[in-house]
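Notes to accompany the following structure.
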Amino acid sequence: MKKVLVAGVDQLITNVIVRLLNQMEGYSGVTANSTTEMAESLRASDYDILLIGAGFDQAQERSMTKEALEIRPNIKVLEHYGGGCGLLITELEELTRDTKQH
């Protein structure tokens, strides 16, 4: 089971993404609605993937990625800005496939 931390500014959107993840075989999702909440969650539990959603600017996204990798060096980071369930599944499969090849 891949544990996914979904970070996004809009709680309604992050909740939808987590609901989609929890319905997908092999994934379990949890939300974080701020950079602080993201860091606290990463320190508290071991996640496989950090999914950064919309609402953060580029500087925040870079900072979040850097901090996530400092806390969890093996975490995979995925930027996802929408596009529906099909796109999310494809992005996760590509990330997982890349992980298996390395």
N/O donor to acceptor pairs below 3.5 angstrom from side-chain atoms of residues 3-10, sequence neighbours left out:
unit_1: Lys3; atom_1: NZ; unit_2: Ser45; atom_2: OG; d: 2.4
unit_1: Lys3; atom_1: NZ; unit_2: Asp46; atom_2: O; d: 3.4
unit_1: Asp10; atom_1: OD1; unit_2: Leu12; atom_2: N; d: 2.9
unit_1: Asp10; atom_1: OD1; unit_2: Ile13; atom_2: N; d: 3.3

Validation row: Leu21, Ser28 side chains within 4.5 angstrom (heavy atoms): no
Non-neighbouring partners of Ala59 that pass side chain to side chain contact (heavy atoms under 4.5 Å, CB included), sequence neighbours left out: Asp57, Arg62
Reported CD-to-OG1 distance for the pair Gln60 and Thr65, which is rounded to 0.5 angstrom: 11.5 Å
Spatial distance of atom CG (Asn22) from atom CD1 (Ile17) [nearest 0.5 Å]: 12.0 Å
Residue list, side chain to side chain contact (heavy atoms under 4.5 Å, CB included) with Ser63, at least two apart or on another chain: none
Heavy-atom pair of closest approach, residues Asp48 and Ile75: O-CG1, 3.5 Å
By salt bridge (charged side-chain N to carboxylate O under 4.0 Å, His left out) - contacts of Arg43 (at least two apart): Glu67
Any Thr35 side-chain heavy atom under 4.5 Å of Phe56 side chain: yes
Distance, nearest 0.5 Å, that separates NZ of Lys2 from CE of Met24: 12.0 Å
Any Leu78 side-chain heavy atom under 4.5 Å of Leu50 side chain: no
Working for side-chain contact (heavy atoms from CB on, under 4.5 Å), residues Ile49 and Tyr27: CA-CA 10 Å; Ile49 299 169; Tyr27 293 94; 4.2 Å; yes
Atom pair CE/CD of Met64 and Glu79 - distance to nearest 0.5 Å: 9.5 Å
For Glu25, salt bridge (charged side-chain N to carboxylate O under 4.0 Å, His left out) partners two or more places apart: none
Greater than 12 external heavy atoms within 6.0 Å of Glu70's CD: yes
Side chain to side chain contact (heavy atoms under 4.5 Å, CB included) partners of Thr31, counting only residues at least two apart: Thr14, Asn15, Val18, Asn33
